[in-house]
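These notes concern the structure reproduced below.
A note on names: the letters A, B, ... follow the listed sequences, proteins ahead of strands, and every chain is numbered from 1. These values consider heavy atoms only, across backbone and side chains, with no hydrogens, waters or symmetry-generated copies.
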There are 2 protein chains.
Amino acid sequence: MPLTPRPYHHGNLRQALIDMAVTVAEETGKDIISVREVARRLGVSSGAPFRHFPDRESLMTAVAEEALVRLRLRVERDQLDAPADPIARLKALGRTFIQWALHNPTQFRLVSSRRLFEFDRSASLPVHFDAVRQITMDLVEQAQLAGLLPAGSLPEMALALRALAYGLARMQVDGQLPQWRVDTSETERTLIAALDLIVDGLSRARPAPS
Amino acid sequence: MPLTPRPYHHGNLRQALIDMAVTVAEETGKDIISVREVARRLGVSSGAPFRHFPDRESLMTAVAEEALVRLRLRVERDQLDAPADPIARLKALGRTFIQWALHNPTQFRLVSSRRLFEFDRSASLPVHFDAVRQITMDLVEQAQLAGLLPAGSLPEMALALRALAYGLARMQVDGQLPQWRVDTSETERTLIAALDLIVDGLSRARPAPS
DNA sequence: ACCTGAACACCGTTCAAGT
DNA sequence: ACCTGAACACCGTTCAAGT
């Protein structure tokens with residue numbers, strides 16, 4: 001007797017594949033998931049996923065698209081609650097970024113290291129990435145105009161601040177913080193403190209001598 | 001470890017496997033290499049590598065160990081040529097780190113994201129990692145004592161500066177710089193300029209109000 | 001002592017056949 | 001239109017057998 005008779009047509013297999021891929025990635029901690037295992041867990045045959053995605057890369061692209069939209073929405077929502085001061089807003093942006101990465105490590109890794117899909121082949125990935133980037137650029141520009149950040153190349157300053165938040169998040173996700181003697185229970189607090197240390201320091205910088 | 005390696009038909013299979021693993025990784029751009037392909041290219045059977053490494057993870061650990069030693073030696077050598085000023089030395093350290101990452105992207109990725117081996121199972125990895133970390137800590141401490149960096153938690157300031165260099169290097173290696181409108185031919189210059197912008201800004205910070 | 005090569009249990013992907 | 005399941009060409013790893 002079959003334990004659970006399953007319908008021949010799944011219903012919404014495409015979405016189920018995306019959701020199960022996230023689940024499997026989070027459970028195994030691996031960034032490369034097995035399409036066969038995803039299919040197996042959903043009770044469909046090994047060939048079924050390839051009716052909805054031409055290859056594993058395309059499935060991972062769909063997962064990355066959903067993840068990046070969620071990051072963008074969270075950034076935009078947190079910015080609504082942030083004060084008007086551009087320095088405070090920049091710190092809030094960094095905090096959102098770090099917290100999202102720490103709470104969604106596999107999705108952060110997937111979106112960040114573009115090794116499992118073609119970033120430019122997606123219609124949505126560049127759009128959402130750019131929305132977050134534009135928020136960063138605007139805040140840095142406002143801060144520079146208000147004399148709250150050192151003058152100098154706007155793109156380079158924005159890049160550096162993004163790299164700071166990215167590097168802090170990445171070091172945790174890559175498992176490097178134990179080697180930096182960061183207590184596991186203090187990780188999030190430490191990363192945010194390190195971020196604030198730099199931003200606050202920069203906001204107190206004297207003009208460069210000409 | 002015998003001083004005179006026992007010959008097989010090429011020489012020392014253990015070392016040949018490590019070298020070929022690097023070659024294959026650099027050629028394919030993938031961070032996961034096929035042990036079978038490494039064996040095939042060396043003209044040995046598919047089972048031969050497992051006489052020298054219990055599994056692929058162990059082979060990748062050996063590759064990572066060699067890579068990290070090379071990074072450490074480069075850092076130490078470049079510090080010899082750097083000026084006495086701790087700010088200049090910190091910038092030189094960041095430059096060495098970024099340049100090494102950009103010129104050895106697959107090895108940088110392997111050493112950084114510890115997904116392909118167990119960092120703590122290696123006797124040498126923690127030692128060399130810590131040597132570089134200690135150089136960072138010493139320079140930050142000297143800079144703080146000389147009033148060239150903001151006061152505040154030494155470990156957090158060192159972590160933040162490392163994260164800055166790490167983030168800049170990672171963004172390039174992860175292929176994100178095109179989305180930040182960084183011209184391909186200007187990558188290295190831009191990353192170093194971004195690093196200097198932050199370090200120089202911090203070195204001009206006024207004391208925090210109490 | 002070191003290496004071979006068959007064997008096993010996995011993959012991703014394809015495709016004729018079924019519903 | 002959607003899914004199955006066999007088939008193919010790969011893997012990592014093991015191990016009895018060869019040199």
Side-chain angles (χ1 to χ4, degrees), chain A residues 2-25 27-64 106 110 114-118 121, chain B residues 1-25 27-64 106 110 115-118 121:
Chain A
L3 296 175
T4 48
R6 106 177 95 76
Y8 197 81
H9 292 263
H10 184 277
N12 192 351
L13 183 53
R14 194 193 133 90
Q15 188 60 45
L17 288 164
I18 295 174
D19 296 342
M20 187 57 81
V22 173
T23 302
V24 170
E27 276 183 24
T28 62
K30 301 275 167 200
D31 34 4
I32 292 186
I33 53 100
S34 155
V35 178
R36 281 181 108 109
E37 187 182 350
V38 171
R40 209 181 297 124
R41 294 224 208 173
L42 291 171
V44 296
S45 72
S46 63
F50 295 94
R51 200 131 299 271
H52 298 272
F53 299 98
D55 48 28
R56 183 179 59 188
E57 195 176 290
S58 300
L59 171 57
M60 297 320 288
T61 304
V63 174
T106 53
L110 173 64
R114 286 91 180 263
R115 308 196 69 57
L116 278 62
F117 56 87
E118 284 296 322
R121 263 223 294 261
Chain B
M1 190 64 70
L3 288 178
T4 52
R6 270 177 245 86
Y8 77 125
H9 45 278
H10 307 124
N12 185 339
L13 181 54
R14 195 194 131 90
Q15 188 60 45
L17 287 165
I18 295 173
D19 297 342
M20 186 58 81
V22 173
T23 302
V24 170
E27 276 182 24
T28 63
K30 302 273 166 203
D31 32 6
I32 293 187
I33 53 101
S34 157
V35 178
R36 282 182 108 109
E37 186 182 351
V38 171
R40 209 181 297 124
R41 293 223 208 173
L42 290 171
V44 295
S45 74
S46 63
F50 296 93
R51 201 135 294 276
H52 298 270
F53 299 98
D55 48 27
R56 183 179 60 189
E57 195 175 288
S58 299
L59 172 56
M60 296 321 288
T61 304
V63 173
T106 53
L110 173 64
R115 310 197 68 57
L116 279 60
F117 57 87
E118 283 297 319
R121 261 222 298 260

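When heavy atoms are screened at a 4.0 angstrom cut-off, R14(A) is found touching no nucleic acid atom at all. Using a 4.0 Å heavy-atom criterion, one finds that L59(A) contacts no nucleic acid atom at all. Across all strands, I33(B) comes closer than 4.0 Å only to sugar-phosphate atoms, never to a base (heavy-atom distances).
R56(A) places its CZ atom 13 Å from the C1' atom of dC10(C), with the value rounded to the nearest Å. Per the geometry, CZ belonging to R36(A) stands 12 Å off C1' belonging to dT14(C), to the nearest Å. In this structure, N12(A) atom CG and dC2(D) atom C1' are separated by 13 Å, rounded to whole Å. R51(B) places its CZ atom 15 Å from the C1' atom of dG12(D), with the value rounded to the nearest Å. Residue R41(B) contributes atom CZ, which lies 12 Å from atom P of dC11(D) at whole-angstrom precision. Between K30(A) atom NZ and dG12(D) atom C1' there is a gap of 13 Å when expressed in whole angstrom units. Separating the CD atom of E37(B) from the C1' atom of dA9(D) is a distance of 14 Å, rounded to the nearest angstrom. What separates CZ of F50(A) from P of dT4(D) is a distance of 13 Å, to the nearest Å.
DNA chain C is contacted by both A48(B) and I32(A); A48(B) maps to the nucleotide lying nearer its 5′ end (nearest heavy atom per residue). Comparing G47(A) and S34(B) by the nucleotide of DNA chain D whose heavy atom lies nearest to each, the residue mapping closer to the 5' end is G47(A).
Taking all atoms of both residues into account, the shortest heavy-atom contact from A25(B) to T106(B) is O-CG2, 3.5 Å. Annotation for S45(B) and A39(B): closest pair O-CB, 3.5 Å, computed over non-hydrogen atoms.
Taking 4.5 Å as the limit, every side-chain heavy atom of H52(B) sits out of range of all side-chain heavy atoms of L59(B). Side chains of F117(A) and V63(A) form no contact here, defined as non-hydrogen atoms less than 4.5 Å apart. M20(B) has its side chain within reach of T23(B): a pair of non-hydrogen atoms, C-beta onward, lies under 4.5 Å apart.
Contact annotation: S46(A) side-chain N/O to dC11(C) OP1/OP2 distance is not under 4.0 Å. Close to dC10(D), at under 4.0 Å from its OP1 or OP2, lies no side-chain N or O of R40(B). Regarding contacts with the backbone of dC2(C), every side-chain N or O of H52(B) stays at 4.0 angstrom or more from both OP1 and OP2.
Taking the charged nitrogens against the carboxylate oxygens, E37(A) and K30(A) have no contact shorter than 4.0 Å, which rules out a salt bridge.
For DNA chain D, if you chain together Watson-Crick or G-U pairs that step i with j, i+1 with j-1 and so on, the runs of at least three with distances under 3.5 Å are C:4-8 with D:12-16, C:12-16 with D:4-8.
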Worked check of side chain to side chain contact (heavy atoms under 4.5 Å, CB included) between R121(B) and T61(B): CA-CA 9 Å; R121(B) 261 222 298 260; T61(B) 304; over 6 Å; no
